[in-house]
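All heavy atoms count here, side chains included; hydrogens, waters and symmetry mates do not. In the text below, chain A, chain B and the rest are named by the order of the sequence lines, each starting its count at 1.
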Amino acid sequence: MSYSNIDRIVKTDVLVIGGAGAAVSAAVSAYEKGAKVTMVSKGKVGRSGNTIMIGGGFGIDGESAKKICGEEAADLNYTKDDVFESVVKNSFYLSDQNIAEQFAEESPYAVKQCIDWARNAKQIFQFIPPATLWNTSGRSFGNALARGMKENPGVDVMEDVIVVDVLLDDGVAVGAIGVEVYSGEIILFEAKAVIIGTGGYQPYSLKNSISDMTGDGIAMGYRAGAKIADMEFLLFIPTAVEPYNLRGSIVPYLFTVPVFFPMIYKITDGDGNEIEIPEKCNKVPGASKMMKIILSYYWGKSIYESYDEHGNCMYYDFSHCTEEEIEEAFEGFANHFSTWHKKGTYNRIDLEELKATVLRDRKIKVGLGCEYSMGGIVIDENMSTGVPGLFAAGEVTSGLFGAFRGGDGLTEMLAHGFRAGKSAAEYAEDAAEGKIDSQQVDSIVETIMEPFKRDEGVSPYKVQEKIETAADRGFNFFRDEEGLANTVKTYEKIREDMIPNMALSSKSRKYNFQWITSILVRNLILCNEVGARAAQMRKESRGCHMRVDYPEVNNDEWLVKIEAQQEGDEIKISTRKPVVTRKPLPKGKFKSIPDYILDTLED
Amino acid sequence: MVKVKVYRKDPSVDEQAYFKEYDVPVKKEEKWTVMDVLDYISRNLDGSLSYYRHSACCQGICARCVVKVNGKPALACARTVVEDELILEPSREDKLVKDLVIQV
């Protein structure tokens, strides 16, 4: 069949959407099962996606690290049960335990494969005994993934293609529509199964994630009929704000880890007053993932309180440190990271220049930036979305980490991809060739081409800015009823008034990033609106959802997941209990998030 | 204020490349990068400008935002602006897609 509005047609068995860890793992796994696989990436494989933005490492249980991955020095006391327990507990019990079981059981095989790619690509994945984790950098991880694709040349890879929507035949996934960014060509994919591995969403203006975390996969999955959940939970870490050539860097977060940056500095608010963390929190180990919540809680609360005056701003204050201490700490930091980065640099940052700034100004301006979104497409332990033929893997899903990612995102994406690939290949083997609904194709193409037809209207860049600043104001780390209500209202208005009125400065389809942005903001507005609505609905605090007006962690009323599903044009919101397989859900209330964390430490 | 001259050409329309000039309110002490300058232009002055921006890490990791800055190739996201005048060109004209975007 030919279509007047389609420039190219690609046929495959398993279509994998995404280009980083989850997608590569899924593509290889489906290919190994014998399926014909096409992977479609928004950027270049190994140089795109949130995977390359990482600052640390990933782990599995000790026995597997030793027996499967060959790490003799692994700590055998850290078992699969411990992996399961810690993810579930750290999720504030919102983890779907069937997903947590899959994570503990299957991640070692996926991790082993990735470590092999890294070794073959001569990348350093440094095992840290006796812990059971490997340290690396984003670029190294990207190179390992690129190697994985090189070792599997049978997988067709299409890069710089942005997938717009999944195609359905009577509710069954049968393909997708995409746009090639450079040429502007519109591509129709016909497939027997589709895997979404596109990463999470990032609602705010301050970014430490890759620039395009617009929740494409989450929104595509939703529009295809899948449920999405946990969208109110977003994980924050300290992120550089100024000067601009530091902006978005996670170096301030890395400074909080004592082994990387052994120096005590003060944290001050926009007025120069010290923000203190109560002594009782010293019990939380510095390297513990829970520390991220503690920092977001105390620093975030202070930022929230003076947001009108100073915005998302605090300072790392080195005024009381001696020159020698600063020199020494920077040297230690540079040495540690020189394993992966050019000596004296951390990614684009010249550490000598940063040190000079610190020595001169004695402070750097920092905010809280979103690193990871816990929410996404609801899946089962086979990575099936409930829409026949549609699977999802990695950060684009919800289920594993609940209210807080207390495990490794890298391990998650590999483990999910490993299973999603197998499930999709098995499904594709038995699936009949689907029928492409030309009406749906027309409607998708018409929607994305619409901004070209309008001579006047709002710039998609403006729409994105509005969506992000509304999230900055009312849907940030600390939340209150009024802010959330205003944000939800703003989103309804953007959805109704701005999205249908976007216009472009250039009518050329060639590398028209304004046009691409017009496609992406449709995804972002959906994710942000669902996130803000869930946050407004959740009248408690839990994990990364912190409410000033409801500080209690309330297991009696709110140990539920908030889910959204498309019903006509409406967003239908409902709640359900997390899936329990072996760890019973707790009862009771805690005065605050830190109280909850301190209490669970004692278990 | 920094004067920024930007190479423009849409090969499907333009036979010849030309330069367009923009005034960008760069504050030296804020240490703008070339990417900040391009973002400012496209968001405030001229939305039709094409430069590498999709799937951009903005941290010097993906290394895809190469442009010629005053004659020398650099990563737009990692190059701090210290001059009063900038000339921005594509890093390879033989691989030009549009304006500053090349495809290799």
Inset, instruction - Name the option with the most non-hydrogen atom pairs under 4.5 Å to chain B; the candidates are A:H341, A:E242, A:K42, A:K44. - result: A:K44

Inset, instruction - Determine the minimum heavy-atom distance between A:P243 and B:E29, stating which atoms define it. - result: CB-O, 4.5 Å

Inset, instruction - Heavy-atom distances under 4.5 Å only: say whether B:V101 touches chain A with side chain, backbone, both or neither. - result: side chain

Legend entry - Closest approach of B:A78 to A:R348 (non-hydrogen atoms, all atoms of both residues): CB-CB, 3.8 Å

Inset, instruction - Name the region of B:R64, side chain, backbone, both or neither, that has any atom closer than 4.5 Å to a heavy atom of chain A. - result: side chain

Legend entry - Min side-chain heavy-atom separation A:I52-B:C57 under 4.5 Å: yes

Inset, instruction - Kindly check if the number of other-residue, nucleotide or ligand heavy atoms within 6.0 Å of NZ (B:K72) is above 12? - result: no

Legend entry - B:K28, NZ: over 12 other non-hydrogen atoms inside 6.0 angstrom: yes

Legend entry - Partners meeting salt bridge (charged side-chain N to carboxylate O under 4.0 Å, His left out) with A:K507 (sequence neighbours left out): A:D455

Inset, instruction - Can you measure from NZ (B:K31) to OG1 (A:T357) and round to the nearest 0.5 angstrom? - result: 4.0 Å

Inset, instruction - Answer with side chain, backbone, both or neither: which region of A:S459 has an atom nearer than 4.5 Å to a non-hydrogen atom of chain B? - result: neither

Legend entry - Winner by heavy-atom pair count (cut-off under 4.5 Å) against chain B, out of A:G19, A:P460, A:S249: A:S249

Inset, instruction - Please flag which part of A:Y244 lies under 4.5 Å from any non-hydrogen atom of chain B: side chain, backbone, both or neither. - result: both

Legend entry - Interatomic distance, B:Q59 atom CD to A:I349 atom CD1 [nearest 0.5 angstrom]: 6.0 Å

Legend entry - Atom pair CZ/SG of A:R247 and B:C77 - distance to nearest 0.5 Å: 14.5 Å

Legend entry - Residue A:E159 versus chain B: region with a heavy atom under 4.5 Å: neither

Inset, instruction - Against chain A, work out which of B:C58, B:A63, B:S55, B:G60 has the most heavy-atom pairs shorter than 4.5 Å and name it. - result: B:S55

Inset, instruction - Give the minimum heavy-atom separation between B:Q103 and A:Y182, together with the two atoms involved. - result: NE2-CD1, 3.2 Å

Legend entry - Separation between SG of B:C62 and CG of A:N347, rounded to the nearest 0.5 Å: 10.5 Å

Inset, instruction - With rounding to the nearest 0.5 Å, note down the distance linking NE2 in B:H54 to CD1 in A:I210. - result: 9.5 Å

Legend entry - Residues A:K510, B:S50; criterion side-chain contact (heavy atoms from CB on, under 4.5 Å); working and verdict: CA-CA 9 Å; A:K510 278 200 174 168; B:S50 297; over 6 Å; no

Inset, instruction - Report the option among A:L504, A:N512, A:N50, A:D160 that has the most heavy-atom pairs separated by less than 4.5 Å from atoms of chain B. - result: A:D160

Inset, instruction - Might you confirm whether atom NZ of A:K462 has over 12 heavy atoms from other residues, nucleotides or ligands at distances under 6.0 Å? - result: no

Inset, instruction - Count the heavy-atom pairs under 4.5 Å between each of B:V81, B:V97, B:T33, B:V13 and chain A, then report the option with the highest count. - result: B:V97

Inset, instruction - Let me know if B:L100 has heavy atoms under 4.5 Å from chain A in its side chain, its backbone, both or neither. - result: neither

Legend entry - Shortest non-hydrogen contact between A:R139 and B:I61, atoms and distance: NE-O, 3.6 Å

Inset, instruction - Select, from A:S508, A:S505, A:G138, A:S209, the one with the greatest count of heavy-atom pairs under 4.5 Å involving chain B. - result: A:S505

Inset, instruction - Could you tell me which non-hydrogen atom of B:Y51 sits nearest to which non-hydrogen atom of A:Y511, and how far apart they are? - result: O-CE2, 3.2 Å

